[in-house]
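Right, one structure below, let's go through it.
In the text below, chain A, chain B and the rest are named by the order of the sequence lines, each starting its count at 1. On a predicted model such as this, the values are computed, not experimentally measured, just so you know.
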Amino acid sequence: MSAVEAAPRVEGRSNRGSTTWMVVPALVLLIGFFALPYLTIITMSLREASTRAVYGEGFTLAHYTTALGDFYIWGILGRTLLIGATVTVISLLLGYPVAYHLAKSRSRWTSLLYIFVLSPLLVGLVVRTFAWMIILSNNGVANQALQAVGLIDFPLQLMNNSLGVTIALTHVFLPFVILPLLGNLQAISPDLAMASRSLGASRMRTFWKVTLPLSMPGIQAGTILVFVLSISAYVTPAMLGGTGGRTMSVLVVQYLVDNFRWPAGAALAIIMAAVAVIFVGLYLRLTARAMRRLP
Amino acid sequence: MTALTIDRINKRYGNLHILKDISIPIGQGEFVSLLGPSGCGKTTTLRCIAGFERPDTGRILFGERDVTRALPEQRDIGMVFQSYALFPHMTVAENLSFGLEVRKVAPADRQRRIADVLAMVRLEGYDKRYPRELSGGQQQRVALARALVIEPSVLLLDEPLANLDATLRDEMRFFIRDLQQRVGITSIYVTHDQAEAMVMSDKIVVMNAGTISQFGSPREIYERPASQSVAGFIGRSNTISGKIAEALGQDGYKVETPCGSIGATGPAGLSKGAEVKIMIRPENISTRSQAASGHQQGAGAEEAGSGENVLAGSVVNSVYQGSANQLAVKLGSGDRVIVDVNGRNPLEVGEQVALRFAARDTWLLAS
Ligand SMILES: Nc1ncnc2c1ncn2[C@@H]1O[C@H](COP(=O)(O)OP(=O)(O)OP(=O)(O)O)[C@@H](O)[C@H]1O
Ligand SMILES: [Mg+2]
């Protein structure tokens, strides 16, 4: 009895042993470029401020207590999360139908749609953001068009606020929700939908009961990617956000570069990272419940 | 009354003509197989019946009801797939419940019907398992149960056994056939395995390149194939070329061949002088060593009036197959004939033999 039980365990251990070395390069990379910089920032955030050097001699928690006691910073943190959540939800709502269509379609136009989907990633970040400035500014393309049709009399405030940042970020990060979803949806056998229809379920019911639950892993991966990328984006909010659309990353860079307050800026960065980890962790728990039954 | 009528349907993909004027009448409770080589249009036909494809022309009737334009969910079908297509995020019970919930069957009723059908496929106690926790054969039975529990008017099966190993496949053939007969459900079964079609079906539709080569009972198709391609596709067969010399009554003929004159059976109405092929199944030929029989080599053929034919030849190959020996015999005309003989009494390669077969065991194919 015990011999029978022992056998697979031995095998499992030897398997693990033989492949351990394969993670070494990734581990080195991770420690060198991820853990070490983070450690540096954490230490920096605990240093006293100094006017003569990047940071002073002693250690302190003051930067954290000041930041957490500052309503202005709470406001910006809240706005950053709100922008992240909005971008994520809109990307999912826009991206799901596209991924669904791409996964099903066998037409030769599909490759064109593919290129269209990837296009935001094919244009440089700064160029793309300038394009949005041209479109969204007070006398930009969007406002002129709306005035020309007579929908509005005065230009709408489309940039230098959260709205402009949200629009531009959604545009860039749409592919990040579409691609994981597409992979997921393509892996679902079309037989399943047919089986559902043959059992009498309408297209709608088939989608809600079969396709959607099975595409949860793609939804999870895509939304996490977009959320994390959105709340940490810098160039887009810096160029389009102005003061009304300022986010945490913009604030951090402002602390570091403009005000030369490295320890305080580092503390803000760590707070932001911690909040992101907490949100993603909560989200993972929430979605894991929905995916509990998947193979 | 026909339970299902397929009436001259045509289907094209672009300029590929996939189904050409397919008509199949299917009686209530019948088990009909669609049999044919890969790509001949079996799945397409089944998908037209299920409603996943719409034929370009033609009609499909369930009983009296024209369903040609109905959506799959409006057709009242049960479907079993080669991939099983069980919902991976649902337990066995939930998979079975799916179609009942759509039909708004009351929960108590639902449970009773699920338990009944699980008993029928011998999977009692498996209701809480997920599909991934079942073997291939068990998954197949769940798929069958899921299609049957909704008590559809037609059961459609697309190569449901193709993913199973040989032993299990044999077992499942009888299992499905038995279940189908007990439930009495009209069934359409797609396969490219002729043995499967033979043992399971009431009727077989032999398809080839989008057309129906023959529609009939397994016996008709085996013994009286409509063409050389059907004869070649169903079981093993030998053919000897010849010309009709004389018609004898309804379906008897005398055929002139290079081996002499042979008495044969064939479809009515073959005219004198027509080129034909005489088909003989290997198991219908008996052999005797030439030395023992009194016939001379090369002498052909029909023993006057008896309906028995005797041909002489020499053994060129002998393969031991356990239950029988398969001999290849070269006739005087140069044709090769495959013969099954008793395994205990093998004939040597090179030996002269007399082949004997009855006229009623032959069938004439137009060539
Ligand atoms: N959506 C489609 N577009 C174009 N051609 C198709 C499509 N579906 C099937 N075909 C073609 O139709 C023909 C018949 O296909 P079908 O799937 O009915 O064959 P089958 O008899 O089921 O073959 P198999 O035994 O391999 O399953 C094939 O030549 C196939 O290439
Ligand atoms: Mg097929």
Residue pair A:F116 / A:L113, side-chain heavy-atom distance below 4.5 Å: yes
Would you call the rings of A:F207 and A:Y96 parallel, tilted or perpendicular if under 30° counts as parallel and over 60° as perpendicular? perpendicular
Under 4.5 Å from any heavy atom of chain B - which part of A:T206: neither
Part of A:L192 lying under 4.5 Å from any heavy atom of chain B: both
Once you measure the plane-to-plane angle for A:Y38 and A:F34, does it fall in the parallel (<30°), tilted (30-60°) or perpendicular (>60°) bin? tilted
Under a 4.5 Å heavy-atom cut-off, does chain A meet the side chain of B:R75, its backbone, both or neither? neither
Between A:W132 and A:H171, how do the two ring planes meet: parallel, tilted or perpendicular, split at 30° and 60°? perpendicular
Answer with side chain, backbone, both or neither: which region of B:R146 has an atom nearer than 4.5 Å to a non-hydrogen atom of chain A? both
We want to know whether B:Q138 and B:R141 form a side-chain donor-acceptor pair, criterion being a heavy-atom distance below 3.5 angstrom. no
For B:F81, which atoms come within 4.5 Å of any heavy atom of chain A: side chain, backbone, both, or neither? side chain
Side-chain (B:R110) to main-chain (B:V105) donor-acceptor, under 3.5 angstrom: yes
Which portion of B:L86 sits near chain A, non-hydrogen atoms under 4.5 angstrom: backbone
Can you tell which part of B:I150 gets under 4.5 Å to a heavy atom of chain A, answering side chain, backbone, both or neither? side chain
Using heavy-atom distances under 4.5 Å, tell me whether B:Q82 contacts chain A through its side chain, its backbone, both, or neither. neither
How about A:K209: does its NZ atom have over 12 heavy atoms from other parts shown lying under 6.0 Å from it? no
Proximity breakdown for B:E133 and chain A, heavy-atom pairs closer than 4.5 Å: neither
Heavy-atom distance under 4.5 Å to chain B: side chain of A:R197, backbone, both or neither? both
